[in-house]
Amino acid sequence: MDAKYNPTDIEAKWYQYWLDHKFFHSEPDGREPYTIVIPPPNVTGVLPMGHMLNNTIQDILVRRARQEGKNACWVPGTDHASIATEAKVVNKLAQQGIKKTDLSREEFLEHAWDWTREHGGIILKQLRKLGASCDWDRTGFTMDEVRSESVIKVFCDLYRKGLIYRGVRMVNWDPKALTALSDEEVIFKEHHGKLYYLRYKVEGEDKYAIVATTRPETIMGDTAMCINPNNEKTAWLKGKKVVVPLVGRVIPVIEDEYVDMEFGTGCLKVTPAHDVNDYMLGEKYNLPSIDIFNDNGTLSEAAGLYASMDRFDCREQIAKDLEAAGLMEKTEDYTNNVGFSERTNVPIEPKLSMQWFLRMEHFAQMALPPVMEDRLRFYPQKYKNTYKHWLENIKDWCISRQLWWGHRIPAWYLPEGGFIVAENEAEALRLAIEKTGNHALTAADLKQDSDCLDTWFSSWLWPISLFDGIRNPGNKEINYYYPTADLVTGPDIIFFWVARMIMAGYEYQNEMPFRNVYFTGIVRDKLGRKMSKSLGNSPDPLDLIERFGADGVRMGMMLSAPAGNDILFDESLCEQGRNFNNKIWNCFRLVKGWQTADTDQPAYARLATDWFAAKLTETAAEVEDLFKKYRLSEALMAIYKLFWDEFSSWYLEMIKPAYGQPIDRCTYELTLGYFDRLLRLLHPFMPFITEELWQNLQERKEGESIMFAAVGDIACGQADTVLLGSVEELKQIIAGVRNIRQQRNIAPKEALMLQVMGEKTLQASEEQVLVKLCNLSSIEHVGQKAAGAATFIAGVTEYAVPLDKFVNKDEELKKLQAELEHQEGFLRGVMAKLGNERFVQNAKPDIVERERQKQHDAESRIAALKESIAALG
RNA sequence: GGGCGCUUAGCGCAGCUGGUUUAGAGCAUCUGCCCUACAAGCAGAGGGUCGGCGGUUCGAAUCCGUCAGCGCCCACCA
């Protein structure tokens, strides 16, 4: 075996082994199910660091559940990502000189499918490198047959229930993607622009009303000016009419308390077609609505001479023109919030258009209580608030998109107007004939709606549709796997996805879709910046795996990723992971290199094996508890310390035979057993190296795997706390001696004598350990230590190492003085408490008792120190 | 503008219902070591008074108030 662990071949070998034996595959059986559905990544995407973290966590949970004897099922899959994928395909076609508008819907979809087949699933291949134990036989896709039919069925069902409606509303329009968006797809950003003060001439007078606006280009759509009826400053405009600058159109002055008297001049221009609030005013006062924009954000014919100009170019131009015409009072720098499209990153245009909507109050009412009552738990809990706030202020969901890549809305329009919603064309025709009584109707007379559905309208069914629970309610699989156990995802999609899955879960399964949601943090770079393609600060995960091994990368990610906290990713974390792998590897080499002999177990080895058994039990219980609380980083850290500090640095050093000597069989067997348990504990975090070493620890049969090696027995029983305590004190003594060596530069080879003061007694086994780890020539229990000995305190006992020729009295004295001061200060603190009547009266008796113990301990130490100082002086 | 959260060693964090040896691990730092498992290592050491102020209490990093800084979410002031 090489002194350095080389993960590459080993990882590939075991992943194939797991696949060959179908270890990841799950079928319903009598065991308790443990289910996770993957947050489906974009089908044509590649793996970003966020997904690495996310999927590492899922794999840890799944593997742990498997080891706990549950029927673990992790279902993978991908999302068609309607708008994102369509944009990519449009781009690709553009590079070939093909415009989307030149293609028929069918032709375009053919290109999109080609693209999907070409790039689809790359991301899932990457997950295999990471070691993800997904049931690949179950891989789903939001646009495959089962999922598509489920979406259509749900749409029809909700329409029949009256929860889906079609109507003209003000929606968020993306002028680049040329589609409506939901409110959640709009991101507000601060925009540094200008506030323009425009002069509106009062009709028939030589006076002007000044209006402040950030969007002067919309004046062509103005159909009123609005003032607050209570505003004295603008009262003079009541009942008047004003002239829209440049345009020349005369519009009325209306009054509404909506207008903020403090803002700008108190006059508001009203453009019902291009502002949500203005739209409401327009409805209220029955104002005409002039749409001056084309779908792509250029000015329309209605804008007169500015027609076909881009909206932002137009803003500049119009500002100049107003200036020239003397109609611009002034401009000011101004910062406001502007909504941007999440996908295309262009400013959203509020636009009046015909869309499909889902009523949300019904869903919000179902989805709120289980979370608030902690039946469905969020980790961390703080997201409960966010969730609550959203549900309590929810608006209807715009679910139609003017895109082709997605699930086409199953609505067919009739020649004479009106429409039919049905699961397919034949059914639509049947219903159409029934509705109209016109038996001459044919399929060709029906025109299907050209829009498709929001991507999230399929994702929200994911935990159900993956088990075909929409098409076949109550089937064996959905009954077994649903509700799923845990969902692991980012808090950024709590509204898009998490909340809506909860809604769909209650609507279609009458039950929550998952019992726990683990919100991961966002992966950032060292400087705290979000990792993104445009910044180029995201490392290539496959490259990291190549360099550090999947186990190393997994550990690196987990080391600093408590739920909900962002992680500042740094390659050095992976390095730490890799180093740990190497440590484990070398421990294995050491242990497997020993020869055994049929001799009795020496006392020191007995102490070591008893102690480590207790340590294992203690830590395993801790790990179990941390898993229950989803504190996975801490669980990993606990195992890391157990392995590196306790097992490698202490236990193995204690039992290690002298060079070339064999080890007694009993100790050896026990050690292999401990190694086995350590590997099992560690397996969920580092699946590959643990499998490799577990397989080599002893003879294994073909088809065996650490994946199914139970962990339940490790935390079994009560750890011997007395033994744990006494070994901790032993470690202190060893550290004390080593410290003396270090400070005085005494070579490890030079044997030292240890003197134990006072009443302390050491077991023979303890003395043997001390001799072994400190290289002692002898241990003496003495009343008076040798003159010029170096001393230290462990527990409440003073120890001395006689060193006459080495010791520097002054230095020694200084050290003792400092320690004495510290102890005296400590004692003062304790005495202050104990001297306080009210403390003794009010504090719980065991607290008071503990203070007395502290006092006692401190006093013994002080006595010992004083004695030493006196002896030196 | 509203809501939530954070502020503990150089760094990123843990410290739950106040009291468990005058604050804990990890990484980094410093010192000494190639001693045949591991220099991707071993041994040892240093480092914070818990953002500021005020309060409650016998006792506060831990509870309350307030100020400051940071972050996130939500929101139609043009």
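Since the structure is predicted, the reported quantities are computational estimates derived from the model, not experimental observations. Each chain gets a letter, A, B and so on, in the order the sequences are listed, and its residues count up from 1.
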Closest-nucleotide 5' rank along RNA chain B - winner of A/V840 and A/Y659: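 Final value for this comparison: A/Y659.
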Polar side-chain atom of A/N586 near backbone of A/A3 as donor-acceptor pair, under 3.5 Å: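 Yes: the side chain of A/N586 pairs with the backbone of A/A3.
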Polar pair under 3.5 Å, donor/acceptor by atom type, side chain A/N836, base B/C58: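 There is none.
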Of the listed nucleotides [options], the one nearest the side chain of [X]:
X	options	result
A/Y640	B/U21, B/C38, B/G26	B/G26
A/E851	B/G19, B/G26, B/C38	B/G19
A/F826	B/A37, B/A78, B/U21	B/U21
A/D275	B/U21, B/A78, B/C38	B/A78

More than 12 heavy atoms of other groups within 6.0 Å of A/Q595 CD: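 Counting neighbours around CD of A/Q595, 12 or fewer heavy atoms of other residues, nucleotides or ligands fall under 6.0 Å, so no.
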Any strand: nucleotide that pairs with B/U22 via Watson-Crick or wobble, under 3.5 Å: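 Because no pair has both required distances under 3.5 Å, B/U22 counts as unpaired.
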Footprint string (nucleotides 40-48 of chain B, 5' to 3'): B base within contact, S backbone only, - free, heavy atoms under 4.0 Å: BSSBSS---
Footprint string (nucleotides 1-16 of chain B, 5' to 3'): B base within contact, S backbone only, - free, heavy atoms under 4.0 Å: ---S-------SSSS-
Nucleic acid contacts of residues 548-559 of chain A, taken as heavy-atom distances under 4.0 Å to RNA chain B: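 Those residues whose heavy atoms fall under 4.0 Å from RNA chain B, taken from residues 548-559 of chain A, amount to none.
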Sugar-phosphate, base or nothing in reach of A/F188, heavy atoms under 4.0 Å: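 The answer is nothing, as A/F188 stays clear of every strand by at least 4.0 Å.
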